[in-house]
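Comments concern the structure below.
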Number of protein chains: 2
Amino acid sequence: MEQEFKEYIDSYLKTFVDLNSDELSFINSSLSIRKYNKKEFLFESGMVQKEVGFVCKGFLRRYYINEKGNKITTGFINENNYATDYPSFIRQKPSKYFIECLEPSVIIKFPYNKIQEGYTKFKAIEMYGRLIAEWVLTVQTDRVESFLFENAEERYLKFIDQNKDIINRVSLSHLASYLGIERQSLSRIRSKIAKK
Amino acid sequence: MEQEFKEYIDSYLKTFVDLNSDELSFINSSLSIRKYNKKEFLFESGMVQKEVGFVCKGFLRRYYINEKGNKITTGFINENNYATDYPSFIRQKPSKYFIECLEPSVIIKFPYNKIQEGYTKFKAIEMYGRLIAEWVLTVQTDRVESFLFENAEERYLKFIDQNKDIINRVSLSHLASYLGIERQSLSRIRSKIAKK
DNA sequence: GTTTACCTGTCACATTTGTGACAAAGTTAT
DNA sequence: ATAACTTTGTCACAAATGTGACAGGTAAAC
């Protein structure tokens with residue numbers, strides 16, 4: 001099984017950067033793989049992430065527990081995405097997030113130290129790091145704009161339009177907190193839309 | 001004047017990455033400098049940014065005009081920051097933003113093509129690109145969290161706490177739209193706080 | 001100095017969203 | 001199959017925010 005998923009991620013990475021055999025063998029020797037059950041945690045609040053997780057199979061969410069004890073979902077992670085709190089991983093600072101499996105998952109892990117080693121030794125890996133950061137930057141900017149330019153209903157409609165692949169994997173409560181509203185409000189929005 | 005500001009940005013860049021003489025001369029030969037008056041635009045909505053601007057002196061804002069014709073400020077840019085719409089610059093796609101000088105400004109410009117050339121030719125420049133992207137990613141993530149975890153009053157208090165250096169350069173209206181509320185709401189919040 | 005344009009504070013009212021409660025439906029564990 | 005738990009939909013009321021209006025203050029332009 002290991003070999004199968006290693007080849008899977010190799011071909012995924014190659015869609016972004018050209019990797020020579022040195023770089024590929026460095027990457028393959030650096031990563032490990034693990035299966036998770038539903039409700040298991042990739043990591044919990046307070047931890048420093050020693051590795052970043054790449055989702056080969058499964059579905060996860062990232063959430064934060066606020067002062068009132070409410071769980072606020074800030075991201076869903078499906079296949080071919082990285083399960084991490086980027087800012088805390090980059091700085092190697094404790095994260096305030098939990099990452100929880102919503103489905104049984106298969107995760108490939110890259111250790112932080114190996115990534116840094118890859119950045120200094122291999123130009124293609126440094127470039128891949130920049131491209132990933134630029135991509136996340138873009139995603140986060142879109143999300144800031146969604147709060148500034150759109151109301152809750154528009155954010156909801158946009159979400160279901162842009163996430164047809166995962167929409168039937170997320171619960172109403174999780175989605176509501178991701179959109180920045182209460183579950184009752186999302187319920188209201190849904191019934192309002194249904195009447196149209 | 002040119003030389004003065006070129007030395008200024010050289011020493012700024014050196015605080016992030018080690019630059020050898022090849023890299024420094026490449027950078028210095030790539031950049032140009034320009035003065036702007038108050039109310040002048042660095043670029044306007046619909047344009048593809050051929051260059052990124054580094055603010056040596058001055059103060060600017062980035063804003064978007066929505067369907068109702070309202071100007072929504074999404075960022076303030078002061079000294080030692082880049083005046084750009086990153087996502088559109090990265091992809092070389094037209095921006096929906098205006099960047100306007102709120103004060104007379106001195107801006108150093110890096111052409112997009114030169115930056116890409118720098119990325120491929122110089123490892124230190126590629127690394128600097130990654131660090132900048134990682135930094136912007138972190139800033140944008142903080143901003144998303146501010147919408148999810150905080151109400152308008154908390155966002156306002158956090159802003160004045162974290163931006164003591166520019167707080168007296170921004171107007172109430174601009175700040176309100178940056179916080180995602182109407183100017184009347186910010187006015188209300190201010191008077192509510194004043195009563196405490 | 002005067003005029004003009006813009007910015008700010010405040011008000012009343014409308015709309016949106018949050019809060020707490022409850023019941024029905026669905027899911028999980030035993 | 002049953003019981004325990006979770007999720008969802010709905011309601012009434014409270015709180016927050018948006019909207020349109022107006023007046024006074026400030027700054028820029030002539």
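Just so we're on the same page: letters track the sequence lines, and every chain starts at 1.
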### Task
Applying side chain to side chain donor-acceptor pair (under 3.5 Å), run through Arg62(A) and Thr74(A) and close with a yes or a no.
CA-CA 6 Å; Arg62(A) 177 178 49 240; Thr74(A) 64; 3.1 Å; yes
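Summarising the local packing, NZ of Lys121(A) is surrounded by 12 or fewer heavy atoms from other residues, nucleotides or ligands at distances under 6.0 Å. Within a 6.0 Å radius of CG in Asp165(A), more than 12 heavy atoms belonging to other residues, nucleotides or ligands are found.
Distance Asn70(A) CG to dT17(C) P: 18 Å, rounded to the nearest Å. Rounded to an integer number of Å, the gap from CG of Leu186(A) to P of dT19(C) is 15 Å. Distance CG (Leu102(A)) to P (dT7(D)): 10 Å, rounded to an integer number of Å. Atom CD in Glu67(A) sits roughly 11 Å away from atom P in dT19(C) (whole-Å rounding). To the nearest angstrom, P of dA28(D) lies 12 Å from CD of Glu103(B). For Arg169(A) and dT7(D), the CZ to C1' distance is 19 Å, given to the nearest whole Å. Taking atom CD of Glu154(A) as the reference point, atom P of dT15(C) lies 17 Å away to the nearest angstrom. The interatomic distance linking Glu100(A) (CD) with dT6(D) (P) rounds to 12 Å, in whole Å.
The existence of a salt bridge linking Arg169(A) and Glu79(A) is confirmed by a sub-4.0 Å separation between a basic side-chain nitrogen and an acidic carboxylate oxygen. Look at Glu40(A) and Arg34(A) and you find a salt bridge, because one of the NZ, NE, NH1 or NH2 atoms lies within 4.0 Å of a carboxylate O, short of that distance.
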Please list each protein N or O that sits under 3.5 Å from an N or O in nucleotides 26-30 of chain C, with the distance.
from    : atom 1 : to       : atom 2 : distance (Å)
dT28(C) : OP1    : Lys38(A) : NZ     : 3.2

Is there any protein nitrogen or oxygen under 3.5 Å from a nitrogen or oxygen in nucleotides 11-18 of chain D, and what are the pairs?
from    : atom 1 : to        : atom 2 : distance (Å)
dG18(D) : OP2    : Glu182(B) : N      : 3.1
dG18(D) : OP2    : Ser185(B) : OG     : 2.7
dG18(D) : N7     : Arg188(B) : NH2    : 2.9
dG18(D) : O6     : Arg188(B) : NH1    : 3.1

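A close approach under 4.0 Å does not occur between any side-chain nitrogen or oxygen of Ser191(B) and OP1 or OP2 of dG9(C). The shortest distance between the side-chain N/O atoms of Ser173(A) and the OP1/OP2 oxygens of dT8(D) is below 4.0 Å.
Distances from the side chain of Arg183(B) to the nucleotides dG9(D), dT7(D), dT8(C) place dT8(C) closest.
Using the six-membered ring where Trp is involved, Phe54(A) and Tyr12(A) have ring planes that are tilted, between 30° and 60° apart. Ring planes of Phe26(A) and Phe122(A): tilted class, angle from 30 to 60°.
By the 6.0 Å and 45° rule, Arg143(A) stacks over the aromatic ring of Tyr178(A).
Between Ile27(B) and Phe110(B) the shortest heavy-atom distance is CG2-CE2, 3.6 Å.
The residue Ser171(A) sits close only to the backbone: its heavy atoms come under 4.0 Å of sugar-phosphate atoms, none of a base.
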